[in-house]
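Worksheet for the structure shown next.
Just so we're clear, the structure is a prediction, and the values are computed from it rather than from any experiment.
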Amino acid sequence: AGEVSLVKGRSVSLQKGQRVSLAKEEGALTFVRMGLGWDPVQKRGLFGSREVDIDLDAAALLFADREAADVVFYNHLQSNDGSVQHAGDNRTGAGDGDDETILIDLTRVPAHVNAIVLVVTSYQGQTFEQVTNAFCRLVDNTTGAELARYTLAGGMPFTGVTMAKIYREGGGWKLQAIGEGMQARTPLDAAPQVGRFL
C-alpha cells in the first residue's frame, strides 16, 4: 500500500495497510480529530420499511510500547492527561456528517505513549454487514480540512473494527489504516485484540 504524504486541500482515501505521514507543507500536524459516521439501517417488513438504530462507538486506545496506558470512549471521555477527548456518545447514527468525534492534541500526548489505536465497536452486537455508510476520517482540527478517510465498504461479519493507528516515528507522527474486523462490543473487549497491530 505504500506511504503517502499529505497534500494541502486533498483528502487521502485510505486503503487497508496504507501509511500517511502526518506532516504537512507548513509543518507537523498538532491537533487532529477522528470522526466516525454511519447511518441507521432501513429494514423492510410487511408494513413498509423502518429505520433500525445502530449504536457504534468510537474509541482511542493509548499504548506505551505494547502496554495499554489509557482508553478514551463513551464511559471515559478524556485521557488521564487530557490530550485525547471524546465529544460524547451517539446511539443512533442519525444525521449527517460525523456522529462521534475524538480530538487528539498530538503536542500533549505524553512522551511514553507511542501509539494511539482507533477502534469502532457495535454496542448492541450488530455486525458491520448491518451498518450503512460507515466511515472513519481524520481532520486537521486547526483548519477543518479532511486529511484522510477510510470507508467501511462491503460490510464485515464482525462487531468491531480496528480502523487505524497513529504512531510516533522519527520525531513525528504517522497514520496507518488497518481496517481489520474483530468480535468486540465495547472498546474494553477490543483492547486485548489490537496488540498485533502495534
Side-chain angles (χ1 to χ4, degrees), residues 1-39 56-63 70-74 77-79 82-90 93 95-110 113-121 128 131 133-153 160-181 187 190 194 197-198:
E3 185 169 306
V4 200
S5 293
L6 295 174
V7 179
K8 192 171 185 172
R10 206 164 60 205
S11 177
V12 177
S13 183
L14 287 172
Q15 309 298 315
K16 222 181 216 181
Q18 190 173 42
R19 295 170 195 268
V20 179
S21 170
L22 292 185
K24 49 185 185 172
E25 292 150 14
E26 315 87 65
L29 271 175
T30 54
F31 202 23
V32 295
R33 181 172 81 237
M34 174 242 196
L36 166 67
W38 73 96
D39 289 325
L56 295 186
D57 295 305
L61 308 172
L62 285 68
F63 288 89
D70 207 346
V71 59
V72 176
F73 68 118
Y74 57 84
L77 293 175
Q78 182 171 300
S79 60
S83 65
V84 182
Q85 296 183 15
H86 193 298
D89 198 10
N90 178 321
D96 294 330
D98 298 339
D99 295 308
E100 289 197 12
T101 57
I102 294 176
L103 298 169
I104 304 168
D105 184 345
L106 295 171
T107 64
R108 291 180 56 202
V109 174
V113 172
N114 56 4
I116 300 168
V117 179
L118 303 173
V119 300
V120 179
T121 52
F128 285 95
V131 179
N133 302 326
F135 67 87
C136 176
R137 67 191 193 119
L138 209 62
V139 175
D140 180 340
N141 211 53
T142 308
T143 65
E146 179 175 290
L147 306 169
R149 177 180 285 254
Y150 188 85
T151 304
L152 263 163
V161 64
T162 305
M163 280 286 194
K165 75 173 176 176
I166 298 171
Y167 61 101
R168 292 185 197 268
E169 189 177 280
W173 289 92
K174 293 195 173 176
L175 169 77
Q176 180 180 1
I178 297 171
E180 293 285 341
V194 301
F197 303 115
L198 298 172

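By the 4.5 Å heavy-atom criterion applied to side chains, Arg168 and Trp173 are counted as neighbours. Side-chain contact between Thr121 and Phe73: absent, with no pair of heavy atoms (C-beta onward) separated by less than 4.5 Å. Looking at heavy atoms from C-beta onward, Val32 lies out of side-chain contact with Asn141 at the 4.5 angstrom threshold. A heavy-atom distance below 4.5 Å is found between the side chains of Leu106 and Ile166. Residues Leu56 and Asp99 are not in side-chain contact: their nearest non-hydrogen atoms beyond the backbone lie 4.5 Å or more apart. Val120 is listed as a side-chain neighbour of Phe128, based on a closest heavy-atom distance under 4.5 Å.
Pairing each heavy atom of Phe197 with each of Lys165, the nearest pair is O-NZ, 2.7 Å. Heavy-atom minimum distance, Gly35 versus Thr101: CA-CG2, 4.2 Å. Taking both residues in full, the closest heavy atoms of Lys16 and Ile178 are given as CG-O, 2.9 Å, listed atom of the first, atom of the second, then distance. The minimum heavy-atom distance between Arg149 and Ser11, with the atom names listed, is N-OG, 4.0 Å. Residues Ala60 and Val84 approach most closely at CB-CG1, 4.0 Å, considering heavy atoms. Nearest approach of Val72 to Gln85, heavy atoms of both residues: CG1-C, 4.2 Å.
Considering Leu62, Leu61, Ile116 in turn, Leu62 is the only one that fulfils the side chain to side chain contact (heavy atoms under 4.5 Å, CB included) rule with Asp70.
Within the model, atoms CG of Asp105 and CZ of Phe31 stand 5.5 Å from one another, a figure rounded to the nearest 0.5 Å. Atom OH of Tyr150 and atom CE of Met34 lie 12.5 Å apart (nearest 0.5 Å). Atoms CG and CE, on Leu175 and Met163 in that order, are 11.5 Å from each other to the nearest 0.5 Å. For the atom pair Ile102 CD1 and Arg33 CZ, the distance stands at 12.0 Å (nearest 0.5 Å).
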Should Val161 and Val131 be marked as a side-chain contact (heavy atoms from CB on, under 4.5 Å) after you check the CA-CA gap, both sets of side-chain angles, and the distance that decides it?
CA-CA 12 Å; Val161 64; Val131 179; over 6 Å; no
Could you walk me through whether Val20 and Leu147 pass the side-chain contact (heavy atoms from CB on, under 4.5 Å) test, one step at a time?
CA-CA 9 Å; Val20 179; Leu147 306 169; over 6 Å; no
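With sequence neighbours left out, Glu169 forms a side-chain hydrogen bond (donor to acceptor under 3.5 Å, both in side chains) with Lys174.
Proximity of a side-chain donor or acceptor of His86 to a complementary backbone N or O of Ala58 within less than 3.5 Å is detected.
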